[in-house]
> 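Take this structure first; my questions come after.
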Amino acid sequence: MATHCKEYDFRQIEPHWQTFWQENRAFRAENGSAKPKFYVLDMFPYPSGAGLHIGHPEGYTATDILARYKRACGFNVLHPIGWDAFGLPAEQHAVKTGTHPAANTQNNITNFRRQIKALGFSYDWDREVDTTDPRYFRWTQWIFLQLFKKGLAYVDERPVWWCPELRTVLANEEVIDGKSEVGGFPVERRNLRQWVLRITAYAEQLLDGLKDLDWPESTKRMQEAWIGRSEGAEVRFRLADEKLGDLAIFTTRPDTLFGCTYMVLAPEHPLVPALTSAAQKEAVEAYRRRTAAKSDVERMSESAKEKSGVFTGSYAINPVNGAKVPVWIADYVLMGYGTGAIMAVPAHDERDYEFAKQYDLPIPRVIAAADGSDTLPYVGDGTVINSPGYDGLPWPEAKKKITADLAAKGIGKGTINYKLRDWLFSRQRYWGEPFPIVWVSEADYRRAAAVRRDLPAQPVTFVENGVTQYALPLPDQALPLTLPEVQSYLPSGTGESPLANVPDWLEVWLDFNTGASVPAAQPRPAGDAWVRARRETNTMPQWAGSCWYYLRYLDPQNASALADPAALHYWGVPDLYVGGAEHAVLHLLYARFWHKVLFDLGIVPQAEPFRRLFHQGIILGEDGVKMSKSRGNVVNPDDIIQSYGTDSLRLYLMFLGPLEAMKPWNPKGIEGVHRFLHKVWRECLGEDGQPNPKVSDTVADAPELLKLLHETIKKAGEDIEALRYNTSISQMMIFINAVQKAPQVSRGTLLTFLQVLAPFAPHLAEELWARLGGAGSVGHHPWPQYDPARLQNAMVKIVFQVNGKHRGDQLVPADITQEAAFEIARTHERVAPHLLGKSVQRMIFVPKKILNIVVS
RNA sequence: GCCCGGGUGGUGGAAUGGCAGACACGCCGGUCUUAGAAGCCGGUGCCGAAAGGCGUGAAGGUUCGAGUCCUUUCCCGGGCACCA
């Protein structure tokens with residue numbers, strides 16, 4: 001079973017055991033097992049052409065250790081891997097080379113698979129998934145159809161980020177500081193027809209569900225901030241010119257209504273033209289034009305310095321005091337939030353204050369500061385003043401009262417707003433999941449609606465050249481809708497994807513019952529259900545496939561459902577999810593949203609997909625800065641494996657520091673753990689490769705060594721559960737250092753130690769286990785139990801302090817009394833001088849630890 | 001600006017309010033060797049010959065006792081950023 005090398009030849013040992021595991025399918029997870037399940041999930045990688053980055057093995061080693069440990073503890077462990085393989089780089093490569101992105105993607109996957117296998121992770125390779133496989137994305141499309149049917153998908157022409165360089169639209173989240181996240185190219189605003197998912201319908205649930213999750217607090221808070229719930233009121237102001245109607249605003253501080261001295265509309269607000277007086281027309285229009293021409297980045301950076309705005313010439317009436325207040329437009333008010341209009345209360349809002357100062361608007365105070373200060377703007381606690389009917393109330397109470405009073409008068413109501421926006425779900429790209437949607441005429445849609453039961457309550461439509469088009473979903477049986485071959489992967493440049501350039505795919509006769517289609521250029525087939533249709537040319541964003549992959553692992557081959565309900569019940573959701581903090585908001589929020597929809601549909605039994613989440617930290621270059629090609633400080637896993645072996649790499653990655661910490665790579669450090677593994681080898685085997693002569697079947701280990709062994713079992717187990725691998729490794733080092741000093745060691749002790757080592761350095765552990773006569777695979781043996789009795793010592797070291805200062809220590813019986821300990825202390829040669837001539841005031845005695853003598 | 005993390009030897013880092021610096025890197029000395037490498041033994045926070053003193057970004061506080069708890073403050077990293 002084992003190899004026959006005489007030295008620790010990891011280049012021979014590691015592939016040997018990897019082959020062994022593969023041939024024995026050692027890590028297969030069983031559906032329907034009677035064992036308790038444990039599901040430990042890695043964020044699956046995008047298989048880039050650059051190959052694995054050192055950050056991948058960091059997180060993957062962490063989960064692998066846990067997976068191997070849990071298997072040894074008797075769990076049926078699901079530990080899968082797959083490929084998030086749709087994505088822009090493959091498409092850009094295709095544009096450049098003209099080869100199909102699928103070909104490039106498969107090459108990259110092959111390379112990733114080879115690299116990951118060389119790291120010896122205990123994945124169940126029978127469950128590998130690939131988001132670009134039609135058998136996979138069929139279900140991505142299916143889930144989209146469920147969202148569509150539920151009214152959670154719609155189309156909207158809206159300004160979106162357009163990147164001329166990438167020739168595609170980007171989501172807000174993909175734009176960083178006015179540049180594309182991928183490539184760093186400049187972006188601009190354009191109006192395009194887009195698919196949008198109504199994630200805002202789940203805002204409250206997404207916020208509420210965070211409470212019970214075992215996630216890093218920082219990540220929870222980031223999601224909270226992203227959802228951005230705020231409670232306030234919508235208030236309607238009459239306009240002075242009655243025929244213009246009302247102006248609705250949102251405020252979180254209705255209690256400051258008496259302090260409102262002007263109103264501000266977003267420049268894009270639809271009421272602006274009607275509100276603008278003849279005298280102000282020119283100024284208002286110029287301002288609107290200027291705002292529209294600015295990118296959001298310019299708008300933000302400029303206005304961060306200085307507020308700007310223009311008076312419209314109109315006035316509104318403050319509903320609480322009848323005051324006539326001017327209506328302005330300014331770009332510090334955003335159309336996309338609330339009603340796109342605000343009441344300005346300059347005394348109690350920093351932005352309004354700044355604006356009022358700039359344009360000389362009145363700033364009356366309506367909240368008295370709790371601390372009596374009179375500086376403005378004031379946004380702290382206090383009581384209401386200058387507000388007849390509410391004076392003297394603490395402002396949160398006034399807020400409730402005024403909101404209720406407004407509601408009673410029918411001019412306002414309490415509302416909740418969220419910063420969260422609906423999710424822009426389409427991309428003008430080739431390399432993504434096609435939408436299983438066609439566009440048909442109203443008449444054809446009505447005919448389909450008469451027989452189809454899978455349409456939304458409200459049809460999804462858009463108007464094109466004055467004609468209303470209706471979105472008709474493909475029937476389930478027509479899935480997957482695959483990508484057509486194209487001549488060029490270059491986007492059309494007009495905002496449509498390359499799919500718009502494939503007429504035979506694009507323009508079809510479609511049977512709305514079966515989803516069957518023929519090119520429109522051919523004659524219409526016989527039958528009533530055939531309608532003229534144009535396919536949706538957008539594709540889905542990369543987030544789509546990663547929104548539900550953790551479910552597909554449960555039952556990856558299933559052709560009739562995304563997963564068998566029995567598998568969904570047995571495995572449930574991951575018990576642990578490990579991945580980078582860079583996904584704190586987007587992926588993790590989108591996946592939660594989809595999961596909640598699937599939960600509401602009764603497809604999954606849990607409301608949340610990821611109960612326990614952990615972010616591994618970033619590994620920096622040797623120089624303490626982020627690894628990058630340009631800096632030349634990149635560490636390549638392949639090179640490390642070649643020089644030290646994957647066991648050393650795995651161990652070092654975990655020994656570097658706390659898993660969640662950002663920490664620099666130190667090339668000398670890996671030699672330290674490599675040395676440790678060599679030492680383990682030498683303690684087990686002699687120079688001839690046979691068991692070391694000091695290994696004995698007859699000699700009993702010293703109690704101290706056994707105690708250390710049991711401490712090691714205990715500490716390793718506890719640390720693994722808590723993902724504190726650095727300290728468990730140091731404990732194993734302490735143990736092996738003790739073995740080294742012992743003249744003899746029992747075979748049983750070494751075998752037990754190898755079991756503890758196995759999750760961390762599985763190849764070496766297997767090899768030594770076999771050579772020391774252990775049966776079968778070390779990973780298949782039940783995790784050793786520590787004996788609590790062995791952890792006790794009859795004698796313990798007690799520390800003597802005088803006035804809190806360490807003055808000496810002494811080995812004493814563990815159950816020594818305070819009196820006896822004091823007797824030892826007062827005669828202790830290093831302690832006694834500090835007691836001389838002093839009187840003892842009191843003593844603090846902590847058994848087994850400390851005796852602190854307080855003297856005058 | 002706001003919200004999170006975090007500051008401990010030359011380095012990475014340990015430390016349920018109870019011996020600060022485990023473990024490892026590096027360095028110094030020794031051993032083995034013709035020599036080196038590897039291994040092994042010993043040392044290694046700072047000041048001091050020693051006794052002892054000082055030490056966890058800084059300053060206060062609570063406590064018999066603080067790296068750990070509280071207040072203020074500085075620095076570094078991350079996220080958000082006109083969301084009314």
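Labels below follow one simple rule: chain letters A, B, ... track the order of the sequence lines, proteins then strands, and each chain is numbered from 1.
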> Where each residue is assigned the nucleotide of RNA chain B containing its nearest heavy atom, which of A:Asn803 and A:Met343 is assigned the position nearer the 5′ end?
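First, find each residue's nearest nucleotide; the 5'-ward one identifies A:Asn803.
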> About how many Å separate CZ of A:Phe10 and CG of A:Leu764, when rounded to the nearest 0.5 Å?
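Spacing of CG (A:Leu764) from CZ (A:Phe10) equals 11.5 Å.
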> Using atom C1' of each nucleotide, how far apart are B:G55 and B:C19 to the nearest Å?
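Nearest-Å result for B:G55 against B:C19 at atom C1': 15 Å.
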> Quick test: give all pairs of protein nitrogen or oxygen and nucleotides 54-57 of chain B nitrogen or oxygen below 3.5 Å, distance rounded to 0.1 Å.
none

> Indicate, with a heavy-atom threshold strictly under 4.0 Å, whether A:Arg807 touches base, sugar-phosphate, or nothing.
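The residue A:Arg807 makes sugar-phosphate contact but no base contact.
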> If the threshold is 4.0 Å, N to carboxylate O, is there a salt bridge linking A:Lys663 and A:Glu58?
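Salt bridge flag = yes for A:Glu58 with A:Lys663.
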> Please encode protein proximity along nucleotides 20-32 of chain B as a string of B, S and -, counting only heavy-atom distances under 4.0 Å.
--BBSSS------
> Suppose you measure atom C1' in B:G17 against the same atom in B:C69; what distance do you get, rounded to whole Å?
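The same atom, C1', in both gives a distance of 8 Å.
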> Please classify B:G9 as syn or anti, treating any glycosidic angle within 90° of 0 as syn.
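Syn.
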> Short question: side chain of A:Thr200, backbone of A:Asp422 - any donor-acceptor pair under 3.5 Å?
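No.
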> Please report the distance, rounded to the nearest Å, between CD in A:Glu687 and C1' in B:G39.
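The distance from CD of A:Glu687 to C1' of B:G39 comes to 10 Å, rounded to the nearest Å.
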> Any salt bridge between A:Glu683 and A:Lys694, counting N to O under 4.0 Å?
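Here A:Glu683 pairs with A:Lys694 in a salt bridge, since their nearest N and O are under 4.0 Å apart.
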> Counting any heavy atom closer than 4.0 Å, what does A:Arg830 reach on the DNA or RNA strands: base, sugar-phosphate only, or nothing?
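Sugar-phosphate: the residue A:Arg830, judged by heavy atoms under 4.0 Å, touches backbone atoms but no base.
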> Where the side chain of A:Ser230 is defined as all heavy atoms beyond and including C-beta, which of B:A84, B:G53, B:C19 is the nearest nucleotide?
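The answer is B:A84.
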> Between A:Lys399 and A:Asp255, does any NZ, NE, NH1 or NH2 come within less than 4.0 Å of an OD or OE carboxylate oxygen?
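Judged by the 4.0 Å cut-off on N to carboxylate O distance, A:Asp255 and A:Lys399 do not form a salt bridge.
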> With heavy atoms under 4.0 Å as the rule, sort A:Ile844 into base, sugar-phosphate or nothing.
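The residue A:Ile844 makes base contact.
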> For A:Ser387, which residues count as a side chain to side chain donor-acceptor pair (under 3.5 Å) partner, sequence neighbours excluded?
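Result, side chain to side chain donor-acceptor pair (under 3.5 Å) vs A:Ser387: none returned.
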> Can you measure from CD1 (A:Ile853) to CD (A:Gln801) and round to the nearest 0.5 angstrom?
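With rounding to 0.5 Å, CD1 (A:Ile853) is 9.5 Å from CD (A:Gln801).
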> What pairs of residues pass the salt bridge (Lys or Arg N to Asp or Glu O under 4.0 Å) test when at least one of them lies in residues 615-627 of chain A, not counting sequence neighbours?
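Qualifying pairs: A:Asp623-A:Arg631.
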> Strictly below 4.0 Å, N to O, side chains only: are A:Glu224 and A:Lys220 in salt-bridge contact?
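A:Lys220 and A:Glu224: not salt-bridged.
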> Quantified in whole Å, what is the P atom distance between nucleotide B:G57 and nucleotide B:G10?
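It comes out at 13 Å once rounded to the nearest Å.
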> Quick one: look up who B:G36 pairs with, Watson-Crick or G-U, both distances under 3.5 Å, and put none if it's unpaired.
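None - no nucleotide pairs with B:G36, as no candidate has both distances under 3.5 Å.
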> Take atom P in B:U16 and the same atom in B:G26, then report the distance between them in whole Å.
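Pairwise P distance, B:U16 against B:G26, rounds to 28 Å.
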> When you compare B:G39 with B:G21, how far apart are their P atoms, in angstrom units rounded to a whole number?
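Rounded to whole Å, the distance is 26 Å.
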> Taking only N and O in the side chain of A:Tyr337, is any of them less than 4.0 Å away from OP1 or OP2 of B:A84?
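Answer is yes, contact under 4.0 Å.
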> P atom, B:A15 versus B:A22: distance in rounded Å?
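Comparing P positions in B:A15 and B:A22 gives a spacing of 12 Å.
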> Quick one: pull up CZ in A:Phe237 and CE in A:Met263 and give me the separation to the nearest 0.5 Å.
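CE of A:Met263 is found 4.0 Å from CZ of A:Phe237.
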> From the set B:C41, B:G53, B:C3, return the single nucleotide nearest to any side-chain atom of A:Arg221.
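Nearest listed nucleotide: B:C3.
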> How many Å lie between NE2 on A:His828 and C1' on B:C19, as a whole number?
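In whole Å, B:C19 C1' lies 12 Å from A:His828 NE2.
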> Tell me which of A:Lys741 and A:Val846 sits closer to the 5' end of RNA chain B, going by the nucleotide each one is nearest to.
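Nearest nucleotide further toward 5': that of A:Val846.
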> Please tabulate the protein-to-nucleotide N/O contacts below 3.5 Å involving nucleotides 76-79 of chain B, giving atom names and distances.
none

> Go through B:G52, B:C3, B:A84 for me and flag the one nearest to the A:Thr251 side chain.
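Looking only at heavy atoms from C-beta outward on A:Thr251, the closest nucleotide is B:A84.
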> Taking B:G67 as the reference, what is the distance to B:C54 when you measure between their P atoms (whole Å, please)?
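Taking atom P in both B:C54 and B:G67, they lie 13 Å apart.
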> Using a heavy-atom cut-off of under 4.0 Å over every strand shown, decide if A:Pro216 touches base, sugar-phosphate, or nothing.
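Nothing, no heavy atom under 4.0 Å.
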> Does a distance-only test, which skips hydrogens and angles, find a donor-acceptor pair under 3.5 Å between the side chain of A:Lys849 and the base of B:U16?
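Counting by modelled atom types and ignoring angles, a donor-acceptor contact under 3.5 Å is found here.
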> Identify whether any heavy atom of A:Lys220 sits under 4.0 Å from a base atom; if not, whether one sits that close to sugar-phosphate; answer base, sugar-phosphate or nothing.
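Nothing, no nucleic acid heavy atom in range.
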> Closest approach of A:Tyr418 and A:Tyr337, non-hydrogen atoms and distance?
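The answer is O-CE1, 3.5 Å.
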> Apply side-chain contact (heavy atoms from CB on, under 4.5 Å) to residues A:Val264 and A:Tyr262 and explain how you reach the verdict.
CA-CA 7 Å; A:Val264 185; A:Tyr262 64 102; 3.3 Å; yes
> Is the side chain of A:Tyr287 donor-acceptor paired with the backbone N or O of A:Ser308 at a distance under 3.5 Å, no angle test?
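Yes; judged by distance alone, with no hydrogens or angles, the pair exists.
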> Using purine N1 to pyrimidine N3 plus N6-O4 or O6-N4 for Watson-Crick, or N1-O2 and O6-N3 for G-U wobble, each under 3.5 Å, what pairs with B:G1?
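By the stated definition (distances under 3.5 Å), B:C80 pairs with B:G1.
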> Going by side chain to side chain donor-acceptor pair (under 3.5 Å), name the residues that satisfy it together with A:Glu231, two or more places apart in sequence or in a different chain.
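Counting only residues at least two positions away or on another chain, A:Glu231 forms a side chain to side chain donor-acceptor pair (under 3.5 Å) with A:Arg229.
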> Could you tell me how far B:G53 sits from B:A66 if I compare only their P atoms? Round to whole Å.
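Approximately 15 Å lies between the P atom of B:A66 and that of B:G53.
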> So does A:Lys797 reach the base of B:C19 with its side chain, donor to acceptor, closer than 3.5 Å?
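Per atom types, the contact qualifies.
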